[in-house]
S.K.: 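Got a structure for you, written out below as structure tokens; questions coming shortly.
Just so you know, these numbers come straight off a predicted model, no measurement behind them. FYI, side chains are in, hydrogens and waters are out, and symmetry mates aren't considered; it's all heavy atoms of this structure.
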Amino acid sequence: MSKKTIKGGEFVIKETSYKDVFIPEEFDEEALMIRQSCHDFLESEVLNKLDQIDALEEGLMPSLLDKSGELGLLGISVPEQYGGFGKDFNTSMLVADAVGGGYSFAVALSAHTGIGTLPILYYGNEEQKEKYLPKLASGEWKAAYCLTEPNAGSDANSGTTSAKLNDAGTHYIINGQKMWITNGGFADVFIVFAKIDQDEKLSAFIVERDFGGITMNPEEHKLGIKGSSTRQIFFNDCQVPVENLLSERENGFKIAVNILNIGRIKLGAATLGSARKVLTQSVNYSNERVQFKLPISKFGAIRYKLAEMATRIFAVESATYRAGQNIDDAYEALVEGGMDPAQARLKSVEQFAIECAIIKVWASEMLDYVVDEGVQIYGGMGYSAEAPMERAYRDARINRIFEGTNEVNRLLVVDMLLKRGMKGELDLMGPAQAVADELLSIPDFSESEDSPFAEQKKVLSNLKKAGLLVAGAAVQKLMMTLAKEQEILMQIADIIGYVYVAESVLLRAEKLQEMGDEKAEYAKVMADIYMYTTVDKVSVAAKEALNSFGEGDELNMMLMGLRRFTKTKPFNIKEARQKIAKELIEQNKYCF
């Protein structure tokens, strides 16, 4: 089945066919075997040692990474010539998902395989790749990523760590402080960002622990992910050979941005593994816990929670693997066009940076919802460290901060979209003007075509119009000051994000029906639930944004248009949630 070429961010202005998206049910047998290996590893090596991991038992986490390396889990993305498996991007996402239920271990593995290894894979020269990648893929060397500083978090380029070439021209002398460095306590190789001389932009370096001049504070005491080694690291006249400059001088900020794009969507995948685990535990407990002579899974309030948890997981999963395959497809097209594979991988991820940011936000907030409701379902036991929810609840909280805060990512979604519009890469103004013209026309009262998904598609199309209405009006009214209106920008980002995830779950449900999959009927119900709740969320965000800058008759006309674009037919959402909850309870696990 041939696919159309899809551009990143294009979903805002165009309808996507289910034929052009990938869904998790399409993973081949080899990918599923890799996923099973990850699950088996967690069961045999990690989940029975959680207290020891959280206590930072000396040598335990490095030994787990060693064993992961023996299984090949650290080299999924590394080409075979450097000792890895050379799998595609979506398979590496599946691995992040599969180990996502591994608490602090998942953080250590993701940091090593992602931000620790990928800068060398994508930006290193051949000598650097040959020296470092085989040892990183095997686990012989562990990796960490040193970007954040005490006064440089979201504003990474404001970092003050310095690099100065020595008189002999053989080494850069690095001085500075880095903080929140995952794997810092045991890493052998650090990707370090610093400014050479008085440069405005960062450069990146591959720094080995054995170079000397590296000291660190004791392990940080954290709210969650306690088993993840997190250190402040100090570079005191650390001598780094000139050949360890990564890529070109002042290219560090670009490296950081592109690697963070990958980290964002991988984080989204990792939350899925954690969320499914929490939901399965919640279903188990609700079937076992008896109150008023009944299992609490019999009560509507509990069923509501279980169904809503499942729906949000299913929706985010749909969006995550849709975007992952878009990245793979873009990569293949670029390579076929003659681009270097490493450059093509970066360009393909950059093409879908908007989707990566959306998935990071929606996935981390989905997990927060799931673990919070998990605690609630467990009741008093949910608050006890003897039960699994306490650790899951604390560990989940970091994800809204990791890889750029959710606030920064929301701002980036709109910023990237508008910039692509201004560059002519996406035609935003044409569709936005069409929506403005539609406000002056007679509403369309025709019935939707007679197909199972026609009504949802009409609703989705109208939600996109609502987003274009708000964004177009904000650009026209506020112009150059829009960049400072963060509340409005985040409301626009919410509309865009909800539309993307709602469309993703709808397309998945449609494709499953076409495939004749046994869970197609449940997928459609969850798509209906997600779409119905999305309409209200889009309506609120759009209304608040319009009220922030609109005035008089113009505002009234836009609000009238918004009501037109957020109309839905009556839908018995209670009955829909009951159907989903009933299946979860009967299967006694997350089963979709």
Side-chain angles (χ1 to χ4, degrees), residues 34-35 37-39 41-42 45-47 50 53 61-62 64-69 71-78 84-85 87 89-122 136-137 139 141-148 180-187 189-191 222 224-231 256 258-277 316 320-321 324 327 349 356 359-360 363-364 367 392 395-404:
I34 292 172
R35 181 178 68 179
S37 294
C38 295
H39 288 156
F41 182 80
L42 289 187
E45 300 290 346
V46 176
L47 299 180
L50 292 179
I53 292 171
M61 188 67 82
L64 292 174
L65 291 175
D66 288 339
K67 292 176 182 178
S68 303
L71 285 174
L73 301 183
L74 304 184
I76 295 295
S77 300
V78 176
F85 279 171
K87 296 301 177 186
F89 190 75
N90 237 2
T91 302
S92 73
M93 296 263 287
L94 192 64
V95 170
D97 176 340
V99 300
Y103 303 97
S104 296
F105 170 75
V107 177
L109 184 139
S110 295
H112 172 85
T113 59
I115 55 179
T117 299
L118 296 184
I120 301 174
L121 175 60
Y122 296 143
L136 293 172
W141 281 358
K142 317 299 186 297
Y145 178 87
C146 301
L147 176 63
T148 303
W180 310 124
I181 307 306
T182 301
N183 294 351
F186 55 78
V189 177
F190 303 90
I191 306 300
K222 308 186 296 291
I225 55 168
K226 291 179 178 291
S228 165
S229 173
T230 309
R231 297 281 191 102
N258 284 330
I259 296 303
L260 285 173
N261 283 333
I262 297 171
R264 284 164 184 155
I265 191 169
K266 290 280 188 75
L267 182 147
T271 67
L272 292 168
S274 179
R276 288 194 216 93
K277 183 180 181 64
V316 168
T320 301
Y321 289 110
I327 290 169
V349 175
C356 290
I359 287 163
K360 190 274 176 182
S364 60
L367 181 58
D395 282 5
R397 186 58 184 86
I398 188 60
N399 293 303
R400 283 163 52 200
I401 298 169
F402 265 163
E403 314 295 358

S.K.: Keeping Arg231 on the side-chain end and Gly185 on the backbone end, is there a donor-acceptor pair under 3.5 Å?
M.R.: no

S.K.: Looking at Ala256 and Tyr145, what are the two nearest heavy atoms and their distance?
M.R.: CA-OH, 3.3 Å

S.K.: If we only count heavy atoms from C-beta on, is the Val46 to Tyr103 side-chain gap below 4.5 Å?
M.R.: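 No, too far: nothing below the 4.5 Å cut-off.
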
S.K.: First locate atom OG of Ser92, then atom CG of Leu118, and finally report the distance between them rounded to the nearest 0.5 Å.
M.R.: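 If we round to the nearest 0.5 Å, Ser92:OG and Leu118:CG are 8.0 Å apart.
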
S.K.: Check whether any side-chain N or O of Lys360 sits under 3.5 Å from a backbone N or O of Phe402 as a donor-acceptor pair, and report yes or no.
M.R.: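 A pair under 3.5 Å: yes.
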
S.K.: Does some side-chain heavy atom of Tyr122 sit less than 4.5 Å from a side-chain heavy atom of Asn258?
M.R.: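 The answer is no; the side chains never approach within 4.5 Å.
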
S.K.: Hey, are the side chains of Phe89 and Ile265 touching, using non-hydrogen atoms and a 4.5 Å cut-off?
M.R.: yes

S.K.: Looking at SG of Cys38 and CG of Leu73, how far apart are the two atoms once the value is rounded to the nearest 0.5 Å?
M.R.: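 Output value for this atom pair is 4.5 Å.
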
S.K.: Would you confirm whether Asp395, through its side chain, and Ala392, through its main-chain N or O, come within 3.5 Å as a donor-acceptor pair?
M.R.: no

S.K.: For Gly139 and Leu74, which heavy atoms make the closest approach, and how far apart are they?
M.R.: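 It is CA-CD1, 3.5 Å.
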
S.K.: Which distance, rounded to the nearest 0.5 Å, do you find between the CG of Leu260 and the CD1 of Ile115?
M.R.: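 Answer for the CG-CD1 pair, Leu260 versus Ile115, is 7.5 Å.
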
S.K.: Which heavy atom of Cys146 sits nearest to which heavy atom of Phe190, and what is that distance?
M.R.: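 It is SG-CD2, 3.7 Å.
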
S.K.: Any chance you could measure Leu272, atom CG, to Thr320, atom OG1, to the nearest 0.5 Å?
M.R.: 5.0 Å

S.K.: Going by an N to O cut-off under 4.0 Å, is there a salt bridge joining Asp97 and Arg276?
M.R.: yes

S.K.: Donor-acceptor check, side chain of Asn183 to backbone of Ala143, threshold 3.5 angstrom: yes or no?
M.R.: yes

S.K.: Taking ring pair (Phe, Tyr, Trp, His ring centres under 6.0 Å) as the test, write out the residues that go with Trp180, two or more places apart.
M.R.: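 Trp180: no ring pair (Phe, Tyr, Trp, His ring centres under 6.0 Å) contacts found.
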
S.K.: If I compare all heavy atoms of Val95 with all of Ile34, which pair ends up nearest, and what's the gap?
M.R.: CG2-CG2, 3.6 Å

S.K.: Which donor-acceptor pairs under 3.5 Å do the side chains of residues 104-111 make with protein atoms, sequence neighbours left out?
M.R.:
| from | atom 1 | to | atom 2 | distance (Å) |
| --- | --- | --- | --- | --- |
| Ser104 | OG | Gly227 | N | 3.0 |
| Ser110 | OG | Ala106 | O | 2.8 |

S.K.: Grab the two heavy atoms, one from Leu136 and one from Ile120, that are nearest each other, plus how far apart they are.
M.R.: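 It is CD1-CD1, 3.9 Å.
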
S.K.: Report yes if some heavy atom in the side chain of Lys277 is under 4.5 Å from a heavy atom in the side chain of Leu47; otherwise report no.
M.R.: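 Counting from C-beta outward, Lys277 and Leu47 do come under 4.5 Å.
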
S.K.: Taking His112 for the side chain and Ala187 for the main chain, is one N or O donor matched with an acceptor at less than 3.5 Å?
M.R.: no

S.K.: Side chains of Thr117 and Ser77: closer than 4.5 Å at any heavy-atom pair?
M.R.: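 Thr117 vs Ser77: side chains apart.
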
S.K.: Determine whether Arg264 and Ile359 satisfy the following criterion, side-chain contact (heavy atoms from CB on, under 4.5 Å), listing intermediate values before the conclusion.
M.R.: CA-CA 7 Å; Arg264 284 164 184 155; Ile359 287 163; over 6 Å; no

S.K.: For the CG atom of Leu50 and the NZ atom of Lys226, what is their distance to the nearest 0.5 Å?
M.R.: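 Separation between the atoms: 14.0 Å.
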
S.K.: Quick one: ring pair (Phe, Tyr, Trp, His ring centres under 6.0 Å) partners of Tyr321, sequence neighbours excluded?
M.R.: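 Partners of Tyr321 under the ring pair (Phe, Tyr, Trp, His ring centres under 6.0 Å) test: Phe27.
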
S.K.: Can you check whether Thr271's main-chain N or O pairs, donor with acceptor, with Ser274's side chain at less than 3.5 Å?
M.R.: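 The answer is no, because no donor-acceptor pair under 3.5 Å joins these two groups.
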
S.K.: When rounded to the nearest 0.5 angstrom, what distance separates CG in Leu267 from CZ in Arg400?
M.R.: 12.5 Å

S.K.: Work out which heavy atom in Glu45 is nearest to a heavy atom in Leu64; give both atom names and the distance.
M.R.: O-CD2, 3.5 Å

